[in-house]
Amino acid sequence: MRALAKAFAYLRMRAARSGGVLGLIRLVWRNFRNMGWPYVRGAIVRALFELWQQAGRRGHAPPMAYMEWRKGGHAVKAPRWSDEDGHPTLISVVMPVYRPDLEHFKAAVASIQAQDYPHWELCMADDASGDLALLDLLDQLSASDARIKICLRAENGHISACSNSALELASGDYVLLFDQDDLLPPHALGAVAKAIALHPDAAIIYSDEDKVDESGSLHFDPYFKPDFDPYLFLGQNLVSHLGVYRRDLVSAIGGFRMGLEGSQDHDLALRVLELAGPQQVIHLPEVLYHWRASQGSTALANTEKSYASVAARRAVQEHLQRRAVAASVEPVPAIPFFNRVVYVRPDRTQRLVFVFLLPDETDNRTVERTLRQVLADTQGFEWEAEVLITRSARSDTRTLTRRLGPDAGPGHIRFLDVEDDLAAKRHLARLVDAQAELVCVVTEPMALCPAGWLAELAALALQPGVSAVAPRLLGPLGVQCHGGMVFPDAHHARHAFRGMPAGANPLCRSSALSQRFMALSPALVLCSARTWAHFVAESPLDARWSVLAMLLQAHRSGLFNCWTPFVTLRVGRQVARETDNLVDQLDNTQRGHWQHLCQPLLPDPGYNPNLSRRGDFQLAERGN
């Protein structure tokens with residue numbers, strides 16, 4: 001009965017977000033018509049995941065409702081501007097206007113006028129709405145506040161043209177993009193101004209965001225974003241709301257482009273990024289924007305404006321072409337408003353070394369299955385495989401050699417007896433001198449590797465600046481168990497999205513998109529050869545943790561560790577027995593060494609500080 005009550009409560013909440021029961025029915029029908037049965041399957045998985053989150057798990061108390069969490073004062077607060085920060089920066093709030101709901105529009109303007117930071121101007125362009133009541137209201141606003149500037153367009157040009165008209169009114173050093181029915185909390189501009197004072201060369205500033213219902217009273221769907229991630233940004237508009245841009249850069253690229261309506265801000269951010277670089281993108285980890293979920297808004301349903309998805313793919317494709325990246329952009333299956341970038345592998349043979357370092361308790365049959373699965377798809381590679389067997393391992397190399405037959409001959413699979421873990425690490429350290437372009441480390445048994453998995457990982461691993469890539473690994477129950485790693489603090493390390501269904505969308509970001517992490521799970525990771533220069537054999541960490549430490553050091557040097565859900569493999573059962581906090585696996589000496597290594601790299605740019613220190617993507621409460 002309790003589960004049934006929770007299900008009904010969940011449905012009531014979904015209905016409230018969608019404008020009532022009829023609104024929810026219309027939303028489901030619209031999405032089904034656009035996306036078909038894949039949408040239904042995905043919606044069921046996401047609904048079950050949300051219910052599962054609300055019910056709590058593994059003995060933890062259920063997470064606080066977002067509204068209660070907000071009122072409880074648990075949120076991280078970005079620094080605010082003060083007079084001590086020197087000369088204030090004028091921020092131009094740019095708002096395109098077209099036939100808005102007048103009450104929502106008044107609330108949006110009022111949220112600007114209520115800002116604690118007074119150094120702003122509101123630049124509004126009406127896109128030939130033809131609404132006399134709106135025109136009267138615009139006249140009243142401009143007459144009552146000298147900081148409000150109005151432009152009345154003679155003809156309708158859609159949002160890009162209208163936004164450019166509003167931009168022409170702007171005189172501030174930075175422009176903030178603002179929709180006609182959304183809301184800013186009173187401290188939003190003060191937080192932006194402080195960020196500008198701290199980072200005067202910032203090109204783009206963005207914040208976390210949430211949604212509000214039609215009444216503006218119910219807050220839901222918070223998006224606690226990571227720090228800027230170029231790979232995640234290709235899959236979705238990570239900047240979105242609140243988005244602030246240096247005005248001279250916006251002018252240099254010619255403002256918004258026609259024909260990209262619906263994703264004109266994503267396209268704008270991509271082009272500004274090309275001028276400035278990702279180092280000049282600043283993330284404020286606080287909800288500073290409330291996106292109103294009104295009928296016809298993509299806040300309510302991305303398929304409300306399906307043309308936006310087409311425009312987003314075009315924007316990303318043209319961005320890649322300008323950067324001379326050989327890749328194509330496709331919609332994510334069942335989630336077409338997200339993008340999948342498919343990189344083209346260089347048209348030549350790559351030299352690849354596989355290193356298998358499976359747990360000592362792995363039996364012969366499992367070792368053989370893992371080798372056959374991983375090595376079945378090596379066409380186009382010049383490869384060799386080394387299987388490291390310690391004295392305590394259960395594997396019988398003679399039997400394995402006989403069963404694998406010709407594949408175990410010279411130049412292909414070699415079984416190497418190593419004395420202990422230290423000997424295994426010293427062997428791994430020698431890979432820095434290997435002539436291979438890529439090294440694939442496998443430390444967990446693999447149950448299923450689909451066709452094409454290696455070629456897709458290699459295409460991503462060979463991109464400039466990439467240190468290593470890892471696929472999504474599913475456990476025996478079909479939930480995610482390995483991939484990227486998150487480090488909420490020096491005492492916690494966790495597999496990102498662990499225990500969640502494939503494609504789950506927790507509070508931080510979607511597990512349906514490629515993204516970078518500080519480090520990747522060593523269960524199966526494909527590394528570029530340059531990464532091995534960071535491998536240290538002489539440390540108290542075991543071989544698997546030493547691979548993890550190597551990836552952290554590569555991250556520290558400015559390389560990217562990328563995880564992709566578009567390659568999905570399945571692992572054996574024993575991985576399901578790992579503890580949630582991987583640091584618990586270490587003894588005191590190892591833990592001290594790990595914390596010394598990890599601490600200088602924190603805070604983890606891939607994990608929002610508003611999320612719990614357990615690394616489970618739940619809301620953080622004070623003390624957790």
Side-chain angles (χ1 to χ4, degrees), residues 75-97 105-126 137-151 163-209 239-252 255-256 265 268-269 272 276 280-291:
V76 170
K77 291 180 172 58
R80 316 289 196 240
W81 186 88
S82 68
D83 292 336
E84 297 175 356
D85 291 313
H87 182 72
T89 298
L90 179 64
I91 300 174
S92 299
V93 181
V94 172
M95 181 195 290
V97 179
F105 176 68
K106 291 177 185 177
V109 174
S111 76
I112 300 297
Q113 294 177 309
Q115 290 297 304
D116 300 335
Y117 182 78
H119 308 288
W120 55 264
E121 61 180 7
L122 176 56
C123 305
M124 294 188 284
D126 174 62
L137 178 57
L138 291 173
D139 284 341
Q140 294 172 23
L141 289 170
S142 61
S144 64
D145 193 330
R147 295 173 296 180
I148 297 179
K149 302 179 179 180
I150 306 295
C151 167
S163 297
N164 282 336
S165 296
L167 274 173
E168 291 174 2
L169 303 174
S171 58
D173 291 330
Y174 284 82
V175 295
L176 184 153
L177 308 186
F178 189 52
D179 289 345
Q180 64 186 12
D181 55 357
D182 294 341
L183 302 169
L184 293 186
H187 52 272
L189 294 187
V192 170
K194 180 67 173 183
I196 294 170
L198 293 173
H199 307 280
D201 293 330
I204 301 174
I205 300 168
Y206 70 100
S207 76
D208 301 338
E209 60 187 88
V239 173
S240 191
H241 307 122
L242 171 149
V244 182
Y245 301 82
R246 217 171 75 202
R247 187 169 65 89
D248 62 332
L249 295 177
V250 173
S251 298
F256 296 95
D265 52 346
L268 182 84
V272 169
Q280 291 180 261
V281 183
I282 306 301
H283 169 222
L284 302 179
E286 181 180 0
V287 172
L288 299 178
Y289 197 101
H290 307 307
W291 191 10

My understanding is that only residues two or more places apart in sequence, or in another chain, count here; which of them pass side-chain hydrogen bond (donor to acceptor under 3.5 Å, both in side chains) with [X]?
{"X": "S92", "answer": "E121"}
{"X": "D208", "answer": "H283, N608"}
{"X": "S111", "answer": "none"}
{"X": "Q280", "answer": "none"}

(request) Give a yes or no on whether the backbone of G172 and the side-chain of R247 come within a donor-acceptor separation of less than 3.5 Å. (result) yes
(request) Just jot down the side chain to side chain contact (heavy atoms under 4.5 Å, CB included) partners of A107, sequence neighbours excluded, or say none. (result) L183, R292
(request) Identify, with sequence neighbours excluded, every residue that meets side chain to side chain contact (heavy atoms under 4.5 Å, CB included) alongside L169. (result) C123, K149, C151
Among all residues two or more places apart in sequence or in another chain, which pass the ring pair (Phe, Tyr, Trp, His ring centres under 6.0 Å) test with [X]?
{"X": "F105", "value": "none"}
{"X": "Y245", "value": "none"}
{"X": "Y174", "value": "none"}

(message) If the condition is salt bridge (Lys or Arg N to Asp or Glu O under 4.0 Å), which residues does D145 pass it with, not counting sequence neighbours?
(response) R147
(request) Would you please name every residue forming a salt bridge (Lys or Arg N to Asp or Glu O under 4.0 Å) with D248, sequence neighbours left out? (result) R246
(request) Please report the closest heavy-atom contact between Y289 and S207, naming both atoms and the distance. (result) N-OG, 4.4 Å
(request) Please tell me if the side chains of I150 and D126 come closer than 4.5 Å, counting only heavy atoms from C-beta onward. (result) no
Per-pair distances, 0.1 Å, donor-acceptor, side chain in residues 185-205, under 3.5 Å, sequence neighbours excluded:
{"unit_1": "H187", "atom_1": "NE2", "unit_2": "E286", "atom_2": "OE2", "d": "3.0"}
{"unit_1": "K194", "atom_1": "NZ", "unit_2": "D85", "atom_2": "OD1", "d": "2.8"}
{"unit_1": "K194", "atom_1": "NZ", "unit_2": "D85", "atom_2": "OD2", "d": "3.3"}

